[in-house]
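Worksheet: one structure, shown below.
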Number of protein chains: 2
Amino acid sequence: MAKKKADPADPKGSGYLANIAYDSVVFGFSGEKLKILLIKYHNTGLLALPGGFVGRNENLNDAVKRGLKERTGLDNIYLEQFYTFGDTARFKPEIMRTILKANGHIVNNDHWLLDRFISVSYYALINYTDVVPKPDALSDSCTWYDIDKLPALILDHTTIVAKALETLRANIDKKLVGMNLLPVKFTMKQLQNVYEAILGEKMRRTTFQRTMLGTGLLKRHEKHYSGKAHKAPYMYSFR
Amino acid sequence: MAKKKADPADPKGSGYLANIAYDSVVFGFSGEKLKILLIKYHNTGLLALPGGFVGRNENLNDAVKRGLKERTGLDNIYLEQFYTFGDTARFKPEIMRTILKANGHIVNNDHWLLDRFISVSYYALINYTDVVPKPDALSDSCTWYDIDKLPALILDHTTIVAKALETLRANIDKKLVGMNLLPVKFTMKQLQNVYEAILGEKMRRTTFQRTMLGTGLLKRHEKHYSGKAHKAPYMYSFR
DNA sequence: TAATTATTGTCTCAATTTGAGACAATAATA
DNA sequence: TATTATTGTCTCAAATTGAGACAATAATTA
């Protein structure tokens with residue numbers, strides 16, 4: 001079949017579903033701080049959550065996994081859908097136009113990318129240490145930012161991050177949060193640091209240790225000699 | 001401006017966003033049973049959740065409220081978005097075609113209604129007693145069904161109901177569930193019946209009463225004389 | 001080599017919450 | 001007037017949580 005030039009006003013030609021986008025809040029943990037991935041668009045300084053579109057023959061969840069794999073190189077990422085944002089107030093075609101223009105794309109007003117989008121949002125938990133973030137075609141960087149020192153983001157992305165964190169907090173006891181943010185083996189103190197970073201509050205050491213061991217989900221391994229002048233802690237992993 | 005015949009292959013002409021639908025799981029409580037609203041499509045016997053589409057200039061949440069108002073006559077319904085279903089497996093254009101045909105609409109293969117849809121799903125809690133369900137143009141009935149005696153539903157609607165119930169259970173302590181399913185004034189037993197219907201398990205009466213009163217959310221009113229041969233219970237309302 | 005320091009793992013005891021039932025009060029009926 | 005079914009409250013035991021004590025220990029320092 002001869003390749004025809006697609007009509008940029010018709011989303012079908014793009015291969016993507018119309019009016020639907022996804023955004024992902026990628027959490028990582030490092031240096032006792034909770035962080036998320038943000039991308040910066042070429043020549044604009046605009047910061048945003050990594051996101052994308054859904055192929056016409058692709059599962060929604062798979063589209064998000066695909067996007068994350070491109071950004072992090074990781075397969076089998078822990079993913080949780082938490083909310084779909086659909087207010088008309090998030091429709092600001094000038095922003096997308098600015099981004100496209102800064103990348104050398106001049107588009108008509110009826111281009112499908114300038115139409116209104118509803119964003120299905122996910123959060124991901126990944127092991128910070130085995131990721132080298134990669135930007136995509138439109139962005140010149142993909143970098144970690146401290147969750148409590150976030151810069152201004154485009155559209156409603158600040159709201160999206162807030163809701164992601166709220167959901168993560170609500171889920172911290174139900175889902176195995178620590179398992180996904182830490183290396184396979186970790187100390188009890190590291191695990192507690194993760195909990196404290198997510199909840200934004202200090203926890204009592206002895207109670208934390210008791211309840212964690214009480215779940216029966218942890219497996220104890222050899223001790224870890226850090227070289228510091230104190231008793232060496234055990235390493236643990238999730239069963 | 002002269003009215004032009006809209007191209008049915010172009011969703012923009014319809015006034016709705018493409019590829020996006022919503023479905024709502026409307027919970028009501030009656031006779032110690034939890035129930036949901038289902039619609040039946042004309043001449044097909046097909047049962048489905050009440051749903052609809054999002055206007056191009058309409059907030060997603062407002063679209064759902066609008067749909068519910070049409071079905072129940074109620075404003076200010078308690079609504080909670082819980083998941084967005086986006087698998088390709090839910091794309092079955094023959095079903096929509098069957099429904100349209102049974103209503104006398106013959107449509108082309110490229111009609112926007114036959115395209116793939118992602119469903120943003122909500123659950124609603126309403127006071128059963130002040131609702132008279134109304135069907136819409138495509139459906140011939142809108143009726144209550146027992147949550148544990150559900151008939152087969154189209155597409156993935158059974159999965160959607162299951163996830164709605166799961167979320168409702170998870171939220172039962174965080175959100176004021178009883179408030180929205182009961183009349184303004186109710187007895188402690190009625191409230192317990194709601195909890196038991198949602199959780200699907202019996203609860204201990206004295207413990208339930210203690211914890212409910214302990215929240216400080218209930219206001220006690222006059223007694224209610226049912227005519228039965230036993231002590232009359234107090235009525236309560238949420239503050 | 002022996003004190004010192006900074007943790008870590010475990011234990012204890014009090015405080016709080018939850019489970020399970022006892023019991024008196026009471027609205028209609030027999 | 002006794003009976004029945006249910007309600008509101010109270011009690012006591014069991015389980016969980018809060019708060020801290022204390023010994024163990026890996027390096028450092030005296």
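Values below: all heavy atoms of this structure, side chains included; hydrogens, waters and symmetry mates excluded. Per chain, numbering begins at 1; letters A, B, ... match sequence-line order.
Rounded to whole Å, the distance from NZ on A:Lys189 to C1' on C:dA6 is 11 Å. Look at CE on B:Met212: it is 16 Å from P on D:dT7, rounded to the nearest Å. At whole-Å resolution of the value, CD in B:Gln190 and P in D:dT7 are 10 Å apart. Distance A:Arg220 CZ to C:dG9 P: 6 Å, rounded to the nearest Å. Between the CZ atom of A:Phe186 and the P atom of C:dT8 there is a distance of 14 Å, rounded to whole Å. Note: CD (B:Gln209) to C1' (C:dG21) measures 15 Å, nearest angstrom. Computed from coordinates, the A:Phe208 CZ to C:dT8 C1' distance equals 14 Å when rounded to whole Å.
Across the strands present, D:dT28 finds its partner in C:dA3; the criterion is a Watson-Crick or G-U wobble pair with both atom distances under 3.5 angstrom. Judged by Watson-Crick or G-U wobble contacts below 3.5 Å, the nucleotide D:dC22 has C:dG9 as its partner.
Atom CZ of A:Arg90 and atom CG of A:Leu155 lie 6.0 Å apart (nearest 0.5 Å). Atoms CD and CG, on A:Glu80 and A:Asn171 in that order, are 5.5 Å from each other to the nearest 0.5 Å.
The shortest side-chain heavy-atom distance between A:Leu150 and A:Thr158 does not fall under the 4.5 Å cut-off.
Heavy-atom contacts from other residues, nucleotides or ligands closer than 6.0 Å to NZ of B:Lys228 number 12 or fewer. By the 6.0 Å contact criterion, NZ on B:Lys223 is enclosed, its count of non-hydrogen atoms from other residues, nucleotides or ligands being greater than 12. At most 12 non-hydrogen atoms from other residues, nucleotides or ligands lie less than 6.0 angstrom from NZ of B:Lys189. Residue A:Asp130 qualifies as enclosed at atom CG: its count of foreign heavy atoms under 6.0 Å is above 12.
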Study note, to complete from the structure: The contact string for nucleotides 10-18 of chain D, one letter per nucleotide 5' to 3', using protein heavy atoms under 4.0 Å with B, S and - for base, sugar-phosphate only and none, comes out as -B-----BB
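Between A:Lys223 and D:dA26 there is a side-chain N or O to OP1 or OP2 distance below 4.0 Å.
No option in B:Phe53, B:Phe91, B:Tyr16 other than B:Phe53 meets the ring pair (Phe, Tyr, Trp, His ring centres under 6.0 Å) test with B:Phe117.
Below the 3.5 angstrom threshold, one finds a donor paired with an acceptor across the side chain of A:Arg205 and the base of C:dG9.
With ring centers used as reference points, B:Tyr123 lies 6.0 Å or more from B:Tyr83.
Contacts between residues 224-239 of chain B and DNA chain C, counted as heavy-atom distances below 4.0 Å, involve B:Tyr225, B:Gly227, B:Lys228, B:Ala229, B:His230, B:Lys231, B:Ala232.
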